[in-house]
Each structure stands twice: as structure tokens, then as C-alpha cells.
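Structure, as C-alpha cells:
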Amino acid sequence: MAGLFGRLRSVMSTRTVASQVFVLQVTVALLLVAAAVAALLLQARSDGEREARNRSVAVAQTYATAPGIREALRGPDPSAALQRQAEAARKTSDVDFVVVMATDGTRYTHPDPEEIGKKYNGTIAPAVAGGTVTEAVTGTLGPSIRSVAPVTDENGEVIGLVAAGVSVARAGGAAQDQLPVLLGAAAFALVVATSGAALISRRLRHQTHGLGPAEMTRMYEHHDAVLHAVREGVLIVDEDRRLVLVNDEARRLLALPPDAQGRPVCDIAMDPEIARLLESGRPASDEVHAIGHQLVAVNQRAMGPPPDGSGPCGTVATLRDTTELRALSGRADIAQGRLRLVYDAGMRIGTTLDVVRTSQELADFAVPRFADYVTVDLPDPVLRGDEPAETGTDMRRIAFTGVRHDTPLYPSGRLIHFVSTTPQAVAYARGKTVLEADLAAFSGWQEQEPARARRLVGYGIHSMIAAPLRARGVTMGVATFWRSQRPESFDDDDVSLAEELVARAAVNIDNARRYTREHSMAVALQRSLLPRGLPEQTALEVAYHYLPAQAGLGGLGGVGGDWFDVIPLPGARVALVVGDVVGHGLHAAATMGRLRTAVHNFATLDLPPDELLWHMDELVSRIDQDEDTDGSVTAVTGATCLYAIYDPTSRVCTVARAGHLEPAIVHPDGEVEFPGVPAGPPLGLGGLPFESSELRLTEGSSLVLYTDGLVEDRHRDIDEGLDLLRRTLARAGGSPEETCRSVLDALLPERPRDDVALVVARTRVLGGNRAVTWDVPADPSEVARVRAEAARTMEEWGLAEEAFTTELILSELVTNAIRHAGEPIAVRLIRDRSLICEVSDGSSTAPHLRRATTTDEGGRGLFLVSQFAERWGTRYTGTGKVIWTEQPLPW
């Protein structure tokens, strides 16, 4: 037994409370099951003995009164008469023996025939006396019960005895048969009890986090110590609104009596508002209540649903003394608000590189967040992008915002001369902020204009801060903050905030000023490099518009490298050029001038469009290589160009483009098409060919050239812009100038972010009465015919006085073509602003002008031509060359 309890103590010494509870529950369940099984076994034994007694008595008495038993006993041989019947009765009644005997105990029947005739060894005296005797004996079959009943005759006299016996084991067989079931049930009950104990132990382990008894004791001790040591009050109120727990801090904050714990809240003397909150049980988050001279923040939460599912539930309330924290947080809120104000100012001031707009953004931002009125005054040179004067106090008011508009302050746009005693003049001259906390004191600021100063004070403006707009060592103006509706005056903290706001704005204003200066220089440079007028020519009716990008939008450099040109060519032809240099600013404008000059130079060589672009590509590549080597200048790569040549006599327009948008053609009937000119690479990539297209234009058609700034915008993609251009051109009509205005009105944003160049050229045709052409066979005799045809034509044109000179020129040129070139040879006379003679042949060899000596027989033809013609030259075609001359007309 001692060993058993020792083992039990060992098991109970396990670490966690959950494990101990599990062992105890299993042990109790095991003991209960064992006790139940023992009780069931004892009950089964008792029931077996009772059953054996009842059965033996019943069998003995029943057989003693059975029919025929009396007759058998009176007969000569009772054994023979009763042995079979007795055995049958024994088997039927399931007893161990049924014995019929005489009154002296001699057996007539017995299960063992050898025992017949022997004496019965049990008690029979009570039965002989007429009663029934029952006794328990232990024999070879184990414990058994025997009963002896008398057999009486008709007179009640005992004439024999019947004994019946049955073993307890036989009588209790049913109970023993149920023993496995009982044991199984006991085992099942033990398993269920163990499983339940395991679940309870698991739940308890979760609740106690695997702590042992000592650890839990220490935990609750620590919990109690912490609960009463923290600087935060804790109260727990149950569903009956009774205060079940309160710590020391809560007692102090609420001045609770010592016996408060355990009493209803309504019966405890405390602050009425706190009492109502605790009694109501409603949730609360940082509700501040004044308790005496203290500010207490209260939080209250429900502990869970009420036990019966309705009515109030328990609550936990915490209380925190926030008296000092409120004062600190108030100052922190003010500081945080000012930091956020400065941060927001950095995000909202300086969105563009525009001096006026940036100044207005400062004024708009500060009202009403910081001041009721804000004015910004800058000298006029700053507005132009120049450095401000070091002395002088003449400034223009360029920004003004206020909560009202009927203020006596100077309006926007006015040029103000600040006297030296005003805060604005002092701030500008010294570069330091000036505070006038009380304007009604009239400490000198009113000398600017005393009457207006009195009106300002009467209007309610009571304090002012004048802060200089200073950046990079330069003072560019003054921002003035005024207060009227707020009763508190500006103080030193406000001065610091004003200086922060102004410092951020000043940097942006200085950036805008510098950008304005660069933009103005770039605009001046670009306008000086662009055409100032259109050259005289009759092939096209041209209108153009150029618009530089607005300064400071989206951080772009403003003026870009867009350009256009109209270049008269020999033979009454005209070249149209439009191009774009990627980038903005002075470098882009200067690069544009270089490329425009190069196009002019190549145009004088009368090159085809594709060949001209090839030369331009080579030029840009060389420029890029030179600038890459130097490293101080940005490369030009990215320039685009479109070059077109229109011939009014053939109505053919030859176009080639290098990375540029293709032109639009407006036919006389209003139909608009983009002809699909092959797109070459931008200039400067090198190594890729350019292709040209020949477009035959109807007289009165319009050729529209433009740069990408017209059709591309941040609010639409280029395809939408081209579609809008197509629709606008289709309904524009009118002259080229009207078409330009319609296109710009429809496609340009209010403030374009990129340069825009637009050229609209309406075609003209030199008709049959202004141009004649003859084919000339390679026969010297044809020279005379050509001279005759030329003389007749000159007579028809009213140019008889010019006929001799024209005949001489044509004679020399045709003779040279016949002698030194090959067919086909053709002559064309064109009457335009000058008289043009053209002789074409199939040779690509150009003649050279030289001075012949006195002994030379030839070589004087071109010399004579150059003397009689105002200009002459050679251009090459796909089949040969054309030598042309121009002669001035008399009118």
C-alpha cells in the first residue's frame, strides 16, 4: 500500500496543473469503475444464492405434490416407479438432484443409481414433521442449496420426502454470463472518463499555458502586485453592476472608500459621470472626464455576453491621468500641425516654373491656414528674369489672397514704392523677417500712407509679418502675412513658420526667375533664327504659325528646336521644310539654327529630298561625334526633318522625311488624306537610307506640314491628335491663314507644353501661257528652230526686248547639250517672277565656267551665259541634268 501511494505521489508531482488534474481524474474514474465492478460481482453472488434457494424449494414442493407420487410411495417398488420421473423432473427444472425418500431418509431415487437405498445425509426432521427444510452445504460441486419437502396423504400424514438441490454456480449462471458485458461496459466507461479528462486537461493546459501550481501561484501574486502598482486605474464590474475588483490607482483617481469593492456601483460615492458610465456598461474610448483638478481618460469594454444571453454583462474599465499629457499633446499637436503645413507647402508651392503663378500659390496656400491675407511684392526685373536691384524699394504686387475682397490693402498689379520705415522695405533691405504684432501702435509702418493705415486698423487687421523672399543669396521680394479675423497676434513661433514657408517659395521663385531668363533668351534666339517673312514666289500660297512652349510647364525647358522654312528653288519650284530637335532650351534653339542653315546650304545645291536628308544625317552624326568627344554639350541625336519640293509646272511634289510626322493633303473638295510617305529614321542615326515619294497635286490643294507639338498632348495620344487634325482640316476651308487659325484653335491647349510649327501651303499651277516645252533632237541644225520658237514665244509674252538675249542663251546651252551630252534633250521656258530657261539632257556631266584665252576657239559659251543671265546653275535628275538660267523681267 505504501508503494502504491508512493507511486501516486510520484505521478502527482508532474510539472503542470493540467497534468495533475488529468491524473487525478483518471484515478478517480478507475476507482469508481473498480468499485462498480466489485459491487456488481457481489450482487451477482447474492442473487445466485437467492435463486438457488428459491429453485430448490420450488422443485421439492412441486414434485412432492406431483400426481402419482403418493401411489408410487404406497406401491411395492417406489424406486422403479419414481426413478425415471425424478430424473426427468431434475433435468426439466435444471437442478443438481431430485431425491424421493422414505420418512426415515432411505433414498428411492437418485441421479446415481448406486446411491438408491442409502440414507439421505441431510436434515430431514423438520420435513418429517410436515414442514420444509432448506440448508446450504458445500460439496463436490461447490456451494449448493438443498430443500426437503414432505409428501402427505389425504389425511395430511407424511408418507415420504422429496429433496431437491442446486449449486449456487448453476443458479447464478445468468449473472456470470452477463459478467463480460459488465466488464466491457466498465472498460468503456473508463475510456470515456479518460477521454473527457484528456479534453479537460487540454483545455486547462491552454488556459494555464502549461504552468505548474507554484508558477501559477507566483503568477497570481505578480498579477496582484502589478495590478496595484501600475499608474492606470482598473475596475471590474459584474453583470449585476457590482464592483468586483478595483486597484489602488483607481481608488486614488476616484477617491473610493476602502469598502468599495463588492458593493453596487450606485451605492459607492464617486464622480457622478463616472458612476453613470460604469452603471450603463456602454463602451467608451478615451473619454476625458474632469475629476477635481484632474483630467481622467476612461476606456470601458464588455467582458463578454451576459450569462443568460440578455441584459447587461460585466465590464472592465481603465482610467488614466492625462492632466500633464493633455498639455504636452496640445503643444505637440501645434508643432505637428506646423510641420504638416510646411510639408504641404512644399507639395503645393512651385508646381510650375512661372514667377507669378508660384507667388500666387504661396498666397493661396497660406490663406486661411496661417494668415487671413497674404500679399507678395516683387521688383519688375525679377518678373523679367533679371537680377533684382540691391537698392530701391519699388515693387509690384503680383499676388494677393484674402478671406475678403473689400480690404484697404493695395490690389494686385499695382507698383508700390515702400518708404524706408515700412516692414517691407526693412525686410527687403536687410534680408530679415519683420514682425509687427500690434499694428494699432503705429510704430512707423503707417508712414507709407497714414490714411490707408488707419483704414487697415479700422478694418480689423491687427498684426503683420513681412518676410523677405531670399534664395541663393539674392533677395527677390517680400511676402507679407496679415491677420484680422483671428484674435491672437502673430508671435515668434509664427515668424519661424512664416520664414519656413517663404524659404520654400523663394527657392521656387528663384528657379522660375532663372528659367524665365533662359526662356526669354531661347525665344529671342529662336525667333532670330526662324524666318521673319516669306520669300517671294508664285508656286504656293503659304501661311505659317510658330508658337513656343509656355515657360515652366512640367519642368520642361520651354522653347524647343522646332523650325520651318520656305525656300525658292530654280525653275519656279519651292522647297518646304519642317523639323524638330529633341530637347528644349538654348541648346535646342542653337542646334535648330545650325540645322536650318545646313538645309539652306544643301538646298542651294538643288539636291533631291532623299539625298538632302542623307547629307543632313551625315552632318548631324559628325556634330554628335564632336560633342560627344568634348563632353560639355548635349548631343543632337533625335532631330527630325521633312523636306518637300513642289514644281508648279508639273504639279509634282516630291517628299522625304526623317523620323518626322507625314504631311496632310487637303484636296479642293475638302477631302483630307495622309499620303503614306515612307518614314525614314531620325537624323543622326546614320547608315539607313531615305526614300522619297512623288505626289501629284491638284491645283488648289493644300499641303499641311506640322511638328508633333500640334497633335500630341498629355491628355490625348498622337492617333487621337491626327484624327482631330483630319476633321479640323476637312471643315476649315478658307485661305491658308484661316486654316492655320482653325487648326490652332482646335488642337492647341491653353498652355502648350511643346513648340508648335504649322505651315499650310496651297498649290498654284503655271499654265500653258506661262510655260512652254520643246523636245530637241541631237542635231545642230535644230538650234535655229529652237531660237525661232523662243523668239515667237517671247513675242507672245510681250518680251520682245528680251528675245535676243534669250535666243543667245538657249543657242549656247542647246549647242553644248548636242555636242557634249546625250538625248533626250528638252528646252523649257517659264515666265514667272523672272524669265527661266531650262535645257535638260541625258548626261550627268556638268559644264564648268572658265575664261578662254585669245587663242582658244571655244570655251566662251558659259561665260557669255553668265554675263547675260542674272543667275544660272545645274541640277541633277534621275535621267541626267538640267542647266537653268534666270533673267530679270522688265516689270
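All of these numbers come straight from a predicted model, not from anything done at the bench. All residue numbers in this chain count up from 1 along the given sequence.
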In terms of side-chain geometry, is the basic nitrogen of [X] or [Y] positioned less than 4.0 Å from the acidic oxygen of its partner?
X: Arg146; Y: Asp96; result: no
X: Glu279; Y: Arg241; result: no
X: Glu135; Y: Arg53; result: no

Taking [Y]'s backbone N and O only, do any of them form a donor-acceptor pair with [X]'s side chain (distance below 3.5 Å, no angle check)?
X: Arg70; Y: Thr152; result: yes
X: Asn508; Y: Arg504; result: yes
X: Gln300; Y: Arg282; result: yes

List in chain and number order the residues that pass ring pair (Phe, Tyr, Trp, His ring centres under 6.0 Å) with Phe490, two or more places apart in sequence or in another chain; answer none if no residue qualifies. Phe370
Is there a donor in the side chain of Arg252 and an acceptor in the side chain of Asn247, or the other way round, less than 3.5 Å apart? no
Distance only, no hydrogens: is a donor on one side chain within 3.5 Å (strictly under) of an acceptor on the other, for Ser144 and Ser167? no
Taking the side chain as everything from C-beta on, heavy atoms only, tell me whether [X] gets closer than 4.5 Å to [Y].
X: Val166; Y: Arg55; result: yes
X: Val158; Y: Leu161; result: yes
X: Leu73; Y: Val100; result: yes
X: Arg320; Y: Asn299; result: yes

Using the ring of Phe365 (Phe, Tyr or Trp, six-membered ring only), decide whether Arg369 places NZ or CZ under 6.0 Å from its centre and within 45 degrees of its axis. yes
Do other residues, nucleotides or ligands put more than 12 heavy atoms under 6.0 Å from the CD atom of Glu157? no
Run Thr109 and Glu87 through side-chain contact (heavy atoms from CB on, under 4.5 Å) and show every step you take. CA-CA 8 Å; Thr109 65; Glu87 284 301 306; over 6 Å; no
In a check of side chain to side chain contact (heavy atoms under 4.5 Å, CB included) between Val265 and each of Val237, Asp240, Ile274, which one passes? Val237
Can you tell me how far apart OH (Tyr120) and CZ (Arg107) are? Round to the nearest 0.5 Å. 8.0 Å
